[in-house]
2 protein chains.
Amino acid sequence: MTGRPRSFDQDAALLLSMERFWQNGYERTTIGDLTATLGITAPSLYAAFGDKDTLFASAAAHYVASVTAQMDKTLSQPNVRDGLAELFRVTVESYTDEKTPPGCFLLSEPRLADERRTLTARLAGHLRRGIDDGFLDASTDADALAEFTIAVIAGMSTRARDGGSAAEVRAIADVALAAVDAHAI
Amino acid sequence: MTGRPRSFDQDAALLLSMERFWQNGYERTTIGDLTATLGITAPSLYAAFGDKDTLFASAAAHYVASVTAQMDKTLSQPNVRDGLAELFRVTVESYTDEKTPPGCFLLSEPRLADERRTLTARLAGHLRRGIDDGFLDASTDADALAEFTIAVIAGMSTRARDGGSAAEVRAIADVALAAVDAHAI
DNA sequence: ACCCTTCTATAGTGCTTGTTATAGAACCGT
DNA sequence: ACGGTTCTATAACAAGCACTATAGAAGGGT
């Protein structure tokens with residue numbers, strides 16, 4: 001009833017697939033590319049993950065969940081302004097971390113527009129809380145500031161993917177954080 | 001010596017090709033896609049433009065030249081701060097113009113990293129002039145502000161490509177412009 | 001009217017793509 | 001040890017890709 005055991009670690013394979021999609025995007029990542037990096041054959045991949053679209057969706061969902069949890073954790077400190085500063089800090093670090101592909105999978109992959117929208121709404125929620133708690137000016141437009149923040153971070157991702165250094169990406173974040181501070185109390 | 005005349009307008013064909021690459025990116029734009037939208041056959045396309053990479057380069061060069069000229073024109077007014085305000089204004093308009101594909105070809109196509117770098121350096125030059133002319137604070141880091149501006153505009157492009165409305169894209173620009181104003185005199 | 005040149009249309013090239021049929025291998029429960 | 005189940009490997013599939021050889025059509029120069 002149990003059958004022959006899988007010859008590879010499915011979770012590790014999902015992580016490796018995610019990195020390939022992250023690095024090269026959906027179109028340029030081929031099944032042959034994936035089977036080569038996973039060290040398995042096509043039928044094994046299809047049996048474990050379904051077709052290319054399904055595997056991409058699984059990999060993207062994993063990335064999105066991770067990045068969402070990271071944002072929630074970073075912004076859950078009392079002072080949202082300090083949270084934003086830390087968000088920019090960890091973003092710079094992760095986008096230029098040599099152990100992972102540069103930039104952000106979620107913000108660079110055209111197919112993930114819906115997930116970007118969801119993340120922006122979630123960030124707006126954090127900012128609204130910051131306004132309610134008195135850490136941001138009451139006149140602050142939480143939605144606009146969230147859109148701005150995601151836009152800047154998307155631009156930071158582009159710069160990192162273009163080969164920008166950590167210092168260059170950080171320079172962007174610093175200007176953006178100064179803009180955020182205009183709304184801080 | 002002159003031979004059979006070309007049956008189509010080469011300049012118009014280049015513009016149409018540019019729109020396809022702009023809309024769908026390099027990989028998703030196929031030769032069949034191009035011949036269909038141009039209403040010509042593959043040999044005609046190859047005779048006129050060379051292979052896919054060469055055609056893409058020509059289309060991209062045309063876009064880059066146009067956007068660079070637009071930026072130069074917008075920023076050549078005396079007060080660079082006013083120029084930046086207008087740059088953001090025309091950017092919002094063009095990114096959400098229904099007559100063209102959404103967002104920016106130059107800032108959304110992964111292959112155009114070098115051209116992005118060139119544009120950023122050119123913007124930094126304008127900002128340096130603005131500092132020298134006394135319209136921006138002398139302590140302003142022109143390179144950092146240029147990187148920031150391009151990053152924000154890249155984020156605006158992403159939002160426009162994701163289906164964002166003109167109002168949403170403008171909201172991003174407004175926050176960014178407030179950040180720029182922190183350096184204005 | 002003819003030749004020369006350059007374009008166009010048909011058709012097909014070889015390659016890569018995502019996906020799968022088939023057969024054999026490896027494990028569990030009995 | 002054996003049957004049942006689930007995996008793996010080989011091999012191949014059809015479709016799509018970028019690209020082109022060949023032959024004919026359309027113009028200009030003389």
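Labels below follow one simple rule: chain letters A, B, ... track the order of the sequence lines, proteins then strands, and each chain is numbered from 1.
- Cation-pi geometry between B:Lys52 and B:Phe21 is not satisfied (NZ or CZ under 6.0 Å from the ring centre, within 45° of the ring normal).
- Using bins of under 30°, 30° to 60° and over 60° for the plane-to-plane angle, the ring pair A:Trp22/A:Tyr63 lands in the perpendicular bin.
- Atom P of nucleotide C:dT17 and atom CG of A:Asp33 are separated by 9 Å, given to the nearest angstrom.
- Going from atom CD1 of A:Ile40 over to atom P of C:dT19 covers 14 Å, rounded to whole Å.
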- Item | Footprint string (nucleotides 17-24 of chain D, 5' to 3'): B base within contact, S backbone only, - free, heavy atoms under 4.0 Å | SSBBB--B
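- Here B:Thr2 does not reach the OP1 or OP2 of C:dT5: none of its side-chain N or O atoms lies under 4.0 Å away.
- Scanning both residues, B:Tyr26 and B:Arg111, for their nearest heavy atoms gives CE2-NH2, 3.1 Å.
- Taking 4.0 angstrom as the limit, B:Thr41 places none of its side-chain polar atoms (N or O) nearer than this to OP1 or OP2 of C:dT8.
- Taking NE2 of B:His183 as the start and CZ of B:Arg81 as the end, the distance is 13.5 Å to the nearest 0.5 Å.
- Nucleotide C:dT6 holds its P atom 14 Å from the CD atom of B:Gln10, rounded to whole Å.
- Under 4.0 Å is where a charged nitrogen must lie from a carboxylate oxygen, and between A:Glu147 and A:Arg117 at least one such pair does.
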- Task: Take A:Asp97 and A:Ser94 through the test side chain to side chain donor-acceptor pair (under 3.5 Å) and record every step on the way to the result.
- Result: CA-CA 5 Å; A:Asp97 186 348; A:Ser94 95; over 6 Å; no
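- Shown here for B:Cys104 and B:Ser157, the closest heavy-atom pair between the two residues is N-OG, 2.8 Å.
- If you take CG of A:Leu45 and P of C:dT19, they are 10 Å apart, rounded to a whole angstrom.
- Applying the salt bridge (charged side-chain N to carboxylate O under 4.0 Å, His left out) test to B:Arg122 and every residue at least two apart in sequence or in another chain returns B:Asp72.
- The shortest distance between the side-chain N/O atoms of B:Ser44 and the OP1/OP2 oxygens of C:dT8 is below 4.0 Å.
- Each end of the helix from C:dA1-D:dT30 to C:dT30-D:dA1 gets its own rotation axis from five pairs of C1' atoms, and the angle between them is 0° to the nearest 10 degrees.
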